[in-house]
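Quick caveat, the model's predicted, so the values are computed rather than measured. Quick note: residue numbers are just sequence positions, from 1.
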Amino acid sequence: MQGGSALAGTEAQESGTTLGEQAARGGAVTLASQVARVCIQLVSLTVLARLLDPRDYGYMAMVLAIAGVAELLQDFGLSKAAIQARTLTSGQRDNLFWINSALGVLAGAVVALAAPLIAAAYDEPALEGVARWIAVVFVLSGLVSQFRASLLRGLRFTTVAVVEVLASFTGVCVGIAVAVGTGSYWALVAQQVSVVLVSTVLTIGVAGWRPRLPDRHASVRDQVSYGAHLLGAQIVNFVGMNADTVVVGARFGAVATGLYNRAFQLMMLPVGQLIWPAARVALPVLSRVRHDFGPYVRYVIGGQAVLGHAIVPLLMLLVFLPRPVVEIVLGSRWLDLMPLVSVLAVAGVFQVLTAIPGWIFMSAGATKSQFRLALCTRPFVIVAVLAGSYWGPMGVAVGYTVATAALWPVSLWWAGRAGEVPVRGVAAGAVRVIVAHAVAGAAAGGLAHLVGSPYPWVSIGVGVVAMVLMLCVELALWRALRNDARLLARAGRMLRGRSRDVR
């Protein structure tokens with residue numbers, strides 16, 4: 001499988017198949033796999049929340065809020081660099097594999113050695129053992145990084161999706177089994193390790209290539225430069241995004257951190273399960289049409305519309321109907337999380353929109369500009385979180401949300417300049433998504449409150465009906481929203497293979 005001097009990602013292309021059709025098929029597969037993974041994660045959240053205590057979740061969140069930066073180090077942005085590159089020789093791919101593997105070992109070693117320091121930072125001795133097991137995750141992630149990048153570069157989205165669903169299912173089964181047996185945080189550790197282990201074994205098994213020894217004649221300078229700047233941006237963003245968890249852990253302890261983490265993860269269930277996989281489809285596709293301005297802009301605007309209209313309605317339910325969602329997913333003993341869930345769901349809306357500037361930066365090869373943006377903006381998030389901490393975990397959530405919302409237009413403007421993309425259309429589409437679904441969400445919350453049912457499923461059903469009816473009214477009155485609906489309908493036809501339209 002090593003033949004040929006250039007691996008341009010054409011192995012997944014069928015005769016007569018357009019890039020738009022491949023993107024649509026990739027979107028269909030990604031959507032289906034993410035529905036499966038969301039269901040799996042819901043089972044995990046629902047079952048484990050009834051078997052474990054907030055302190056158990058707090059331990060895991062505390063470790064990952066610090067040690068998680070090692071995951072960025074082991075990748076070094078090189079998987080994205082391999083996907084984005086216009087051409088990639090066999091020798092370059094081999095070299096990137098060995099670099100990622102070495103970085104994975106280094107990252108794992110650093111976390112293992114730093115385990116006592118992490119435990120001391122929070123004054124929680126139990127964190128030392130957790131950190132050492134999490135170090136194994138980073139070693140495995142470094143090993144598999146280029147295998148996964150090769151699959152995505154070849155647009156083999158179905159293969160990636162199947163692997164991820166199997167790994168998630170295995171991890172949940174292992175986590176629940178350990179939770180039943182021990183009732184402790186080791187269930188979460190076992191779940192994390194087993195997901196990565198299964199994913200690593202399966203990905204290497206299906207990738208269809210085996211790395212050779214490093215090729216000193218194959219330069220990877222461009223990929224390392226791209227990855228270094230992306231790594232810098234990712235590290236700064238990671239610090240900004242995890243400052244809230246670190247502050248809650250340091251100031252309010254493991255129980256408060258566990259509660260905050262459950263609220264945050266409930267918000268991230270729709271966000272994380274769709275944003276990151278969508279980026280896996282968007283990056284290789286946008287990279288290929290980067291120099292064709294018209295299609296590139298249409299893909300960016302269309303991708304934002306699909307992503308926004310898919311995720312934001314779910315977040316608006318969390319904003320306006322937190323009680324029935326928390327009661328169904330986590331159980332009645334977690335109802336104190338309702339205010340946190342509502343506030344953090346607003347932050348989730350702007351995290352969805354901020355994904356689009358990230359697509360522009362990476363597909364345009366403008367990771368240096370992305371790094372500069374992170375350096376200029378992320379300190380604001382840290383300051384906002386620290387200021388909010390004087391009012392407890394809720395103050396931290398409000399600070400994080402305000403900062404996230406304020407930085408979205410800055411990110412979009414910056415990405416537009418770096419990627420030479422007119423941002424007015426992108427911004428207008430984003431505002432349309434927010435307004436349309438906020439009004440529908442408010443209608444859902446208002447009607448559910450008027451009905452006042454004590455049964456959470458009834459409240460959710462009433463809210464969803466109200467949201468759908470309000471969206472129908474908005475469609476009748478708002479031409480631009482009808483244009484979005486037509487775009488979504490066209491995307492749906494392409495997902496079902498009924499359209500040959502690549503636009």
Exercise for the section: Mind listing the closest non-hydrogen atom pair of A430 and L353 along with its distance? Expected result: CB-CD2, 3.8 Å
Handout entry: Side chain R132, main chain E128, donor-acceptor under 3.5 Å
Key = no
Practice task
Please tell me if the side chains of W334 and R262 come closer than 4.5 Å, counting only heavy atoms from C-beta onward.
Solution key: yes
Handout entry: Test side-chain contact (heavy atoms from CB on, under 4.5 Å) applied to W359 and L307, step by step
Key = CA-CA 12 Å; W359 293 1; L307 193 66; 4.0 Å; yes
Problem - Closest non-hydrogen atom pair, L317 against A444 - result: CD2-CB, 4.5 Å
Handout entry: Gap between atom CG of L202 and atom CG of L166 - 0.5 Å precision
Key = 6.0 Å
Problem - Modelled atom types, side-chain donor and acceptor of Q191 and S44, under 3.5 Å - result: yes
Fill in the blank from the handout: Rounded to the nearest 0.5 Å, the CG atom of D336 sits from the CG atom of L330 at a distance of 12.0 Å
Practice task
Using modelled atom types only, decide if a donor and an acceptor are shared between the side chain of R333 and the backbone of A49 within a distance under 3.5 Å.
Solution key: yes
Handout entry: Side chain to side chain, R323 and S459, heavy atoms closer than 4.5 Å
Key = no
Handout entry: Plane angle bin for W408 and F350 - parallel if under 30°, tilted between 30 and 60°, otherwise perpendicular
Key = tilted
Exercise for the section: Please check if atom CH2 in W478 has more than 12 non-hydrogen atoms from other residues, nucleotides or ligands closer than 6.0 Å. Expected result: yes
Completion exercise
Heavy-atom closest pair (I118 atom, A131 atom, distance to 0.1 Å) is CD1-CB, 4.2 Å
Problem - Rounded distance [0.5 Å steps], OG in S342 versus CG in L315 - result: 11.5 Å
Exercise for the section: Check whether any side-chain heavy atom of V174 sits under 4.5 Å from a side-chain heavy atom of V195, and report yes or no. Expected result: no
Exercise for the section: With rounding to the nearest 0.5 Å, note down the distance linking CD in E327 to CG in L335. Expected result: 5.5 Å
Handout entry: Exceeds 12 heavy-atom contacts within 6.0 angstrom, atom CZ of F252
Key = yes
Problem - Contact check, side chains of R479 and N483, non-hydrogen atoms, under 4.5 Å - result: yes
Fill in the blank from the handout: Correct closest heavy-atom pair for V255 and P54 would be O-CB, 3.8 Å
Exercise for the section: Answer yes or no: is there a donor N or O on one side and an acceptor on the other, between the side chain of D56 and the main chain of D53, under 3.5 Å? Expected result: yes
Problem - Pairwise side-chain contact, M316 with F320, heavy-atom cut-off 4.5 Å (strictly under) - result: yes
Handout entry: Residue pair T404 / Q351: nearest heavy atoms and the distance that separates them
Key = CG2-CG, 4.0 Å
Exercise for the section: Check for a donor-acceptor pair, side chain of T203 on one end and backbone N or O of F147 on the other, with a separation under 3.5 Å. Expected result: no
Exercise for the section: May I ask you to test the H437-M467 pair for a side-chain heavy-atom distance under 4.5 Å? Expected result: no
Handout entry: Expected output: side-chain T257 to main-chain G58 donor-acceptor under 3.5 Å
Key = no
Handout entry: Stepwise side-chain contact (heavy atoms from CB on, under 4.5 Å) test for T200 and V196
Key = CA-CA 6 Å; T200 299; V196 177; 4.0 Å; yes
Exercise for the section: Measure the shortest side-chain to side-chain distance between Y122 and V246 over non-hydrogen atoms and say whether it is less than 4.5 angstrom. Expected result: yes
Handout entry: Atom of L48, atom of G175 and distance for their closest heavy-atom approach
Key = CD2-O, 3.9 Å
Problem - Polar side-chain atom of T401 near backbone of V343 as donor-acceptor pair, under 3.5 Å - result: yes
Handout entry: Spacing of L412 atom CG and L407 atom CG [to the nearest 0.5 Å]
Key = 12.5 Å
Exercise for the section: Please tell me if the side chains of E124 and R55 come closer than 4.5 Å, counting only heavy atoms from C-beta onward. Expected result: yes
Exercise for the section: Measure the OG-OH distance between S184 and Y59 for me, rounded to the nearest 0.5 Å. Expected result: 10.0 Å
Handout entry: Verdict with reasoning, I134 to Q192, per side-chain contact (heavy atoms from CB on, under 4.5 Å)
Key = CA-CA 8 Å; I134 293 300; Q192 287 272 345; 4.2 Å; yes
Exercise for the section: Go through the steps for L481 and H309 under the test side-chain contact (heavy atoms from CB on, under 4.5 Å), then give the verdict. Expected result: CA-CA 10 Å; L481 192 61; H309 287 298; 3.8 Å; yes
Practice task
Indicate yes or no for a side-chain donor-acceptor contact from S145 to the backbone of S141 under 3.5 Å, with no hydrogens or angles considered.
Solution key: no
